[in-house]
Amino acid sequence: MIDFEKKLNPRQWEACSYIEGPLLILAGAGSGKTRVITHRIAYLIEVMGVKPYNILAITFTNKAATEMKTRVLKLVEEGAEDVWVSTFHSMCVRILRRFYNKIGGQNNFTIYDADDQKAVAKEAVRDLKLDEKQYTPKGMVAAISKAKEDLLSPEDYMARELGNFRGEQIARVYKEYEKRLEKNNALDFDDLLNKTVQLFMECPEVLDLYQTRFRYIMVDEYQDTNNAQFVLVKLLAAKHRGLCVVGDDDQSIYKFRGANIGNILNFEDEYPDAEVIKLEQNYRSTGNILNAANAVIANNVGRKDKSLWTDREAGEKLKFTAYESDREEAAGVAKRIILQSKAGRQNSDMAVLYRTNAQSRAIEESLVREGIPYRLVGGTGFYDRREIRDLVGYLKSIANPADDQSLARIINVPRRGIGDSTVQKMREYADQHGMSLFDVVANIQNVGVAGRSAGKVEAFADMMKGFREEAEKGNLHLLYMDILEKTDYRNLLLEENTEEARGRVENIDELGNKIAEFEMENEDATLLSLLEEISLVADTNDDDGNEKDRVTLMTLHSAKGLEFPVVFMVGMEDQLFPSKMALESDDPDAEEEERRLCYVGITRAMDILYLSMAKQRILNGVFTYPKKSRFIDEIPKNLMETTGAKVDDGFAASVSNVADSISRGKTKARGDQGDKYYDEWGGSTFQKKKEKGSYAGDMYVSGKPKEKKTDFVLNYKVGDQVRHIKYGRGTVLGIIPEKEDYEVTVRFDSAGEKKMFASLAKLRKV
DNA sequence: GAACCCATCATTTTT
DNA sequence: TGATGGGTTC
């Protein structure tokens, strides 16, 4: 039996053992929050005799969920695998896969990610004939997502925006967007939450099922919950009120994606009988670091009163350096990393934190120069890679025939002669007849809309049907191999024989490995569960580099929840951090959120914290001359020393392991940078000619130059009546001979005057 | 239909 | 600076 009281401090123990009613644990940075949650779960099971089955623990990230689960399994002797430890989103998927049909949905829905969302939004805007410059996909998705977070339907939204022209238009886009998702049998991330809420509201028996089951509910990072999540938790906990939320209002840094700090600040209003326990002892940082953090965050108003303390020694002072330029800052960081590692620190003990991803480049360059291995967190992830999205598109389309979006993505990839205009026509037909795109594709002969491509479309339909049969058999890896083979996707890349293509092939093989792995780990793996894993557990860093001991580079946001003995916070400049956007915002909380972010950054450091700025920085291609961040001024002078900025000229590099530190040749996050440096160090060109590799471009057309028709004969002349495949009838106004072609001007009866090339326009004399 | 050129525009991000 | 998208050119 665990000796709980011995393993926890008095406050932690109190938080662990209070189970009478709603409980708010205000857990400061480094105060042993996860320890409390896991022990609480153990306490419920081992001491209170609660069935693991009756416990639910909700986190935000899969990483947190996995870690929690592992720790609970270690702690509890038996039955811990029956505890539901899950992210909000996977929990909702699990519920919806079972009951979505109760509110009129299909349980095999597809999950749309940000890119799918943008594509749908774009179509919606286009369909409504709105100005695409003014109503950008990104903006539309943001507005829709915001609406959904507040549980507003398109109608609600319209009602709210009545009289506001732009708002009304967005409401129309939202409505159109919803229509499309529904037609495609797809849910976006917000829907996962909202539809679950809807299900609970409309089907009391389903709600009751889960309410009865989950006697004890724990929510981690409660300050990050949005309104939908708040409602969801409220519904779930309404019966037993065994709700325990853990969070830190000072670490709320996700307002921009809907987090409502009010949820934690007003917890006691929502649950008047709630017990509040503060965890203020910090086990992570030195006294100086902690005091600096406390001093900075004290400048925020409207926070829960708390103050972290530690019984650790004061430690080294914080070090602030103002470098002359961003390059020097990067060089200075590299130099200090080297000094630290000479002093015995592991690279993996160190992290460089910055406000924006764009700042990583300069740091990366100097680390490469010095041969310091690093790990870049964030940026473009594995599942964002084009080839991976394509192949996942196949899988999605196979799993959900109604998913027009995925089908449209892959129908001509690799190129198989089903061009845009054919797809366009088929989609129009589908829309008009209430069919899915695949319905049209599969019945192309009857529909007769594909013209000369009909054969190609038919072959494609047969191939897809074959994949579905293969999918039925249940072996996912075989299915994947089958797709690669029948589509020729992998081979076409290999034939291309470029470094970039080889990187893509590696990624494709990596996805194959992941699928095989997934099958081994999950006995009852299905195509749907695989896709769910891919959508919800898209791990952005799969670093399989041989070098384990690497410095971590990431944004302040992604650093939340982590700790490092040595931390560098770079770019401590007003306008950058706090960001220009925040400073110019009319929302008074914007600057406070930046300050919280600063607090998060400072509290990542265990022993040593370096802060720095550059007096000259290239931002968006322009030179700027920043001032020191106001946050620096908020750190008491006695805790921080300002150090000189002198650095060696940075080029005393050891070239030896440069290659290793940039994850060789593999196309990854910032993929082509690898090549750039390769060449630099290889002594040839500094920057390779850009391989813009648009798909249809050099990627699939492997080195076979297109044959130009040199002796092109026109069977019409100026004044003739001709017919065009798209524009219909028209009169030829002029013919200008070009190198290997003719530019023909035609006035069409309906479409007006057009210029086109004879070789492509395929005009027929009438 | 696809390569290429030019204008534009830039936080933070998980699910 | 760089990525991206639209328009132009063959």
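The sequence lines fix the lettering, A, B, ..., with proteins before strands; numbering per chain opens at 1.
Checking B:dT11, B:dT15, B:dA10 against every side-chain atom of A:Thr87, the shortest atom distance belongs to B:dT15. Between B:dT15, B:dT11, B:dT13, one nucleotide has an atom nearer to the side chain of A:Ser558 than all others, and that is B:dT13. Taking every side-chain heavy atom of A:His557 into account, B:dT13 is the closest of B:dT11, B:dT13, B:dA10. The side chain of A:Phe189 approaches B:dT15 more closely than any other nucleotide in the set B:dT13, B:dT11, B:dT15. Relative to the side chain of A:Arg257, the nucleotides C:dG2, B:dT14, B:dT15 differ in distance, and B:dT14 lies closest.
Residue A:Glu584 contributes atom CD, which lies 13 Å from atom P of B:dT11 at whole-angstrom precision. In this entry the distance linking CD of A:Gln359 with C1' of C:dG2 reads 15 Å, nearest Å. As a whole-Å value, the separation of A:Ile253 CD1 from B:dT13 P is 9 Å. Spacing between atom NZ of A:Lys148 and atom P of B:dT15 amounts to 19 Å, rounded to whole angstrom units. Between the P atom of C:dT1 and the CZ atom of A:Phe623 lies a distance of 8 Å, rounded to the nearest Å. Atom-to-atom, CG of A:Asp190 to P of B:dT13 comes out at 18 Å; the value is rounded to the nearest Å. The CG-C1' distance, from A:Leu531 to B:dT15, rounds to 15 Å in whole Å. Separating the CG atom of A:Asp224 from the P atom of B:dT12 is a distance of 17 Å, rounded to the nearest angstrom.
Between A:Val622 and A:Ile418, the residue anchored closer to the 5' end of DNA chain B is A:Ile418, taking for each the nucleotide with the nearest heavy atom. Taking for each of A:Thr422 and A:Ala582 the nucleotide of DNA chain B with the nearest heavy atom, the 5'-most of the two is the partner of A:Thr422.
Judged by the 6.0 Å distance and 45° axis criteria, A:Arg257 is positioned over the aromatic ring of A:Tyr254.
Applying the 4.0 Å criterion to OP1 and OP2 of B:dA2, one finds that A:Arg415 has a side-chain N or O inside that range. The phosphate of B:dT13 (OP1 or OP2) has a side-chain N or O of A:Asn357 nearer than 4.0 angstrom. A close approach under 4.0 Å does occur between a side-chain nitrogen or oxygen of A:Asn62 and OP1 or OP2 of B:dT15. Applying the 4.0 Å criterion to OP1 and OP2 of C:dG6, one finds that A:Lys122 has a side-chain N or O inside that range. A:Thr555 has a side-chain polar atom (N or O) that falls below the 4.0 Å cut-off from OP1 or OP2 of B:dT13.
With salt bridges taken as basic N to acidic carboxylate O contacts below 4.0 Å, none links A:Arg355 and A:Glu573. Here A:Lys615 pairs with A:Glu324 in a salt bridge; the nearest charged N to carboxylate O distance falls below 4.0 Å.
Contacts of A:Tyr254 with the nucleic acid, taken as non-hydrogen atoms under 4.0 Å apart, involve only primed sugar atoms and P, OP1 or OP2. If you check every strand for non-hydrogen atoms under 4.0 Å, A:Phe60 touches sugar and phosphate atoms only. Counting any heavy atom pair closer than 4.0 Å across all strands shown, A:Glu594 reaches a base atom. Counting any heavy atom pair closer than 4.0 Å across all strands shown, A:Thr356 reaches sugar-phosphate atoms only and no base atom.
Panel note: side chain A:Asp587, backbone A:Asp589; a donor-acceptor pair is recorded below 3.5 Å. Looking at A:Arg416, its side chain does come within 3.5 Å of a backbone N or O of A:Ile411 through a donor-acceptor pair.
Under the 3.5 Å distance criterion, with hydrogens and angles disregarded, a donor-acceptor pair is assigned to the side chains of A:Asn184 and A:Tyr112.
Judged by ring centres under 5.5 Å apart and planes tilted less than 30 degrees, A:Phe256 stacks against the six-membered base ring of B:dT12.
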